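The structure appears right after this line, and notes come after that.
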Amino acid sequence: MSEDKKTLDLEVFILDISYEVVGNSPVILIWGIDREGRRILIKDHSFRPYFYFLPYEDADVSEKEIISSIKKISSPRSPITEVSPVSKKLFGREVKAYMVKTVIPEAVREYREKIKDLPFVKEVLEADIRFAMRYSIDKDLAPSTWHVLRLREVSSSGVYRVDGEYELIDIINRNVSSVPPPLRVVAFDIEVYNPRGSPRADIDPVIIIAVMNDKGEIYQFVAEDHNDRDVIQKFVDYIIKYDPDVLVGYNTSLFDLPYLIERAKRNRIVLDISRRKNSEPRQSAYGHISISGRLHVDLYHFAEEISEIKIKSLDYVAEFFGVMKRSERTNIEWYDIYKYWDDPERRKILLKYSRDDVISTYGIAEKILPYAIQLSALTGLPLDQVGAASVGNRLEWYLIREAYKYNELVPNREERPYEPYKGAIVLEPKPGIHENIAVLDFSSMYPNIMIKYNIGPDTFVSDPSECDVIECYEIPGTNYRFRKDPPGFYKKVLETLLKLRKSIREEMKKYSPNSVEYKVLDERQRGVKILANAAYGYMGWIGARWYYKQGAEAVTALGRMIITKAIEIAEKLGLKIIYGDTDSLFLYYDEKKINEFIKEIEEKLELEIKIDKIYRRVYFTEAKKRYVGLTVDGNIDIVGFEAVRGDWTDLAKEVQENVAEIILRTGSVDKAIDYVRRVIRELEERKISYEKIIIWKTITKRLEEYEAQAPHVRAAKILLAKGGRVAIGDKIGYVIIKGSGKISDRAMPYMYATINDIDTEYYIEHQIIPAAMRILSYFGISEKTLRGSKGVKSLFEFTEKRIS
DNA sequence: TCGTGGCGGGG
DNA sequence: GTGTACGCCACGA
């Protein structure tokens, strides 16, 4: 390494932070991009791993004795270089802790175990924070963000595929911008040969690898018959040549990359696609696959958390994002792929299919990456990990960063028993059709409750006599109290988040909605809101480091009190309440009174409530959590009915949606009945598209664990018996076929039946009629009416049933 | 006929 | 590997 080069200050957008052990010490590697678009690597040789332990407060040992007994366990491979007493906080309480520093990150685990067992040690803390994350937290260097770094250029080591290598001298300025530079993005997708159903990586070759880059170029690398050596090599060469910063795929962490790794091994070639020469992709945090110096983003993780998408296959997700319609793409059943490969004519169709897949993947990436980048900057998780991490983990990393700033120790993860507690209020709806209804929502109710009542593990008072109502908030319906002062950890963090969101929204006003800056800020404020809203659920999650059941219980208790008070205020104003759930109220829309209501809520409850939407008509049955509404903008909302549930057929959803729409738009029950009869007739004549009658249900545990033989479990077992593979989380698509016996005995995976095999009576009886009756039964319509063809009454003959 | 186990989507 | 509330299905007593 040459030492004679001058230092320079460079603005750097951090892609990823990793480390490697060289010789006998760790080197932090910061992968980044500078303003000139150069891909660079910055090394920091100065950082060392450390962790803390807490001695028992009443331990009969001196500081000196403690330090010397820790030093005794030091081993030469990675010596303990420092043991020092430090003042820290744990759940807001001042504690005297000891910091233990060593050299090699891997040695932390070994020391953690040894120190934990020492008689004077109560607890070892922060020994499970990964080294690269430790660095990024301590230095406050968030990935996916620009920072100004003082660097010294060093000569190329020849090991990394970058435009420049540097040593970090100093951090000059942090978080200077969150507008990412133009990133080189490559989407990829593989097709594999599968003559036995599920492909086996040990014997079945990769046949096509498709890639699409940010210039819109698409390439397809094709195998020679059943030899995949060249196709994999061509893919590796392409990646090295194009040098993407981001490599995206769909389910690539669980399928494409593990498959490629195995095939490369079988072919004795190195899957050398990273920016560290001769290093292969490897399994990393949260099960995702990491590629040194590049960000591998598996888009499936983001699709997973979008509840509006019922079936999370690439084609459905692409359609949801408006990338490619399912009707316009080449569809091949996965179990037929090998047939298309073996037939020269049909191989062309397979190529088109692979092309459509990679275009879809790239299109989804364009929609998701801007949000993912902001989420990464916010939580401090590198872009390639942020998707794979659960919502709870994302918030947890944010909390860990905040804890560091407050000198708070990070609590350990603990195994705890599951303890249920009471949730929110759901009002009995007033059944019938109501006109002109405003839906009012408390803004961020739970985060605001946590702030206002200072709720958290550090403010909880276990003995109510310890703290009176002047010093403490009493939580109604519980005997819990929380100290008003000082502000607790959750309160501080949530206030930071809400302030941050406000300032982002202020900042947005400076830009045109079409500008890059505006869009970036919009993605960021969305991320902040989602993070803040996750705090309550996180506090009640037994796996959380900052778990606090009493806190979560207090939040829901206060939520119930607030909604109850809001109801009283509404009633006093003469506003009629139709329905309410958790933090929302459905009220008759009287503009003057509603405005008065909003004002009073603000004054009396010190909380903001806003009109979320106004329904021209909304229809409720007696059931909670389900209604259909026609908004003033002419949109139909269907909430809680089968139409929005994934476990009903598309046919039932369609019937219910159309019945709701006909009733809300025309007010004619006749028209709705005619429509249902028409659908029944079409089904009996088997003129309905087969796809619409497939029932999709998720396998949520191992098949042996199911006690009842539900239809989807039976179908899954058939799949398995035919050589397919069934994993937890798989959606099983099945149809009910003709025959005798129980329904579950007649469940058949959809690919093993056709429209002519199906039991039409089952679909009429269990899908079409119930879906329609959920809405129509209120109007006195019977099942017979739907099946028959007699004349029917109009809506106006049922006016006596109308509540409004 | 009713209670139970199991499941999923949304406020 | 966020929470509880809710409605519905199939099944079996």
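Keep in mind the model is a prediction, meaning the values are calculated, not measured. Labels below follow one simple rule: chain letters A, B, ... track the order of the sequence lines, proteins then strands, and each chain is numbered from 1.
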Margin query: Once you apply a heavy-atom cut-off of 4.0 Å, does A/Ser584 come out as touching a base, just sugar-phosphate, or nothing?
Written below: sugar-phosphate

Checklist line | Closest-nucleotide 5' rank along DNA chain C - winner of A/Tyr762 and A/Val391 | finding: A/Val391

Checklist line | Sugar-phosphate, base or nothing in reach of A/Ala623, heavy atoms under 4.0 Å | finding: sugar-phosphate

Note to self: Counting the atoms with a prime plus P, OP1 and OP2 as sugar-phosphate, which does A/Tyr421 contact under 4.0 Å by heavy atoms, base, sugar-phosphate, or nothing?
What the structure shows: sugar-phosphate

Margin query: What I want to find out is whether A/Lys492 reaches A/Glu402 closely enough, with some N-O distance under 4.0 Å, to be called a salt bridge.
Written below: no

Checklist line | Any A/Ser390 side-chain nitrogen or oxygen under 4.0 Å from OP1 or OP2 of C/dG1 | finding: no

Next item on the list: Return the value, rounded to whole Å, for the distance between atom CD of A/Glu304 and atom C1' of B/dG8.
Entry: 15 Å

Item checked: Selection from C/dC8, C/dT2, B/dG10 that lies nearest to any side-chain heavy atom of A/Trp541 -> C/dT2

Margin query: Nearest whole Å is fine: how far is B/dC7 P from A/His712 NE2?
Written below: 6 Å

Next item on the list: Provide, to the nearest angstrom, the distance between the CZ atom belonging to A/Arg746 and the P atom belonging to C/dA10.
Entry: 11 Å

Next item on the list: Report the nucleotide, chosen from C/dG1, B/dG11, C/dC8, that has the shortest atom-to-atom distance to any side-chain atom of A/Asp581.
Entry: B/dG11

Notebook entry, point to check: Counting only heavy atoms not in A/Lys529, do more than 12 sit closer than 6.0 Å to its NZ atom?
Noted result: no

Check: If you check every side-chain atom of A/Tyr627, which of C/dG1, B/dG11, C/dG3 has the closest atom?
Finding: B/dG11

Note to self: In this structure, is the centre-to-centre distance between the rings of A/Tyr619 and A/Phe779 below 6.0 Å?
What the structure shows: yes

Next item on the list: Whole angstrom is fine here: how far is it from OH in A/Tyr490 over to P in C/dG3?
Entry: 12 Å

Margin query: I need the CE-P distance between A/Met445 and C/dT4, as an integer number of Å.
Written below: 18 Å

Notebook entry, point to check: Base, sugar-phosphate alone, or nothing: which one does A/Phe442 contact when heavy atoms must sit under 4.0 Å apart?
Noted result: nothing

Item checked: A/Tyr763 OH to C/dC9 P, straight-line distance once rounded to whole Å -> 15 Å

Check: At under 4.0 Å, does any side-chain N or O of A/Tyr547 touch on OP1 or OP2 of C/dG1?
Finding: no

Item checked: d(CG, A/Asp745; P, C/dA10) in whole Å -> 13 Å

Next item on the list: Decide, yes or no, whether a salt bridge links A/Asp759 with A/Arg746 under the criterion of side-chain N to carboxylate O below 4.0 Å.
Entry: yes

Next item on the list: Give the nucleotide from the list C/dC6, C/dG3, B/dG11 with an atom nearest to the side chain of A/Val426.
Entry: C/dC6

Next item on the list: Before accepting this row, confirm whether a basic side-chain N of the pair A/Glu657/A/Lys653 lies closer than 4.0 Å to the acidic partner's carboxylate O.
Entry: no

Notebook entry, point to check: According to a strict under-4.0 Å criterion, is A/Lys624 in side-chain N/O contact with OP1 or OP2 of C/dC6?
Noted result: yes

Next item on the list: Output yes when at least one side-chain N/O atom of A/Arg626 is less than 4.0 Å from OP1 or OP2 of B/dG11, else no.
Entry: no

Notebook entry, point to check: Quick one: is the NZ or CZ of A/Arg714 closer than 6.0 Å to the six-membered ring centre of A/Tyr734, and within 45° of its axis?
Noted result: no

Next item on the list: Whole angstrom is fine here: how far is it from OH in A/Tyr446 over to P in C/dG3?
Entry: 14 Å

Note to self: Let's see if you can work this out: which of C/dC6, C/dC8, C/dG3 has an atom nearest to the side-chain heavy atoms of A/Lys625?
What the structure shows: C/dC6

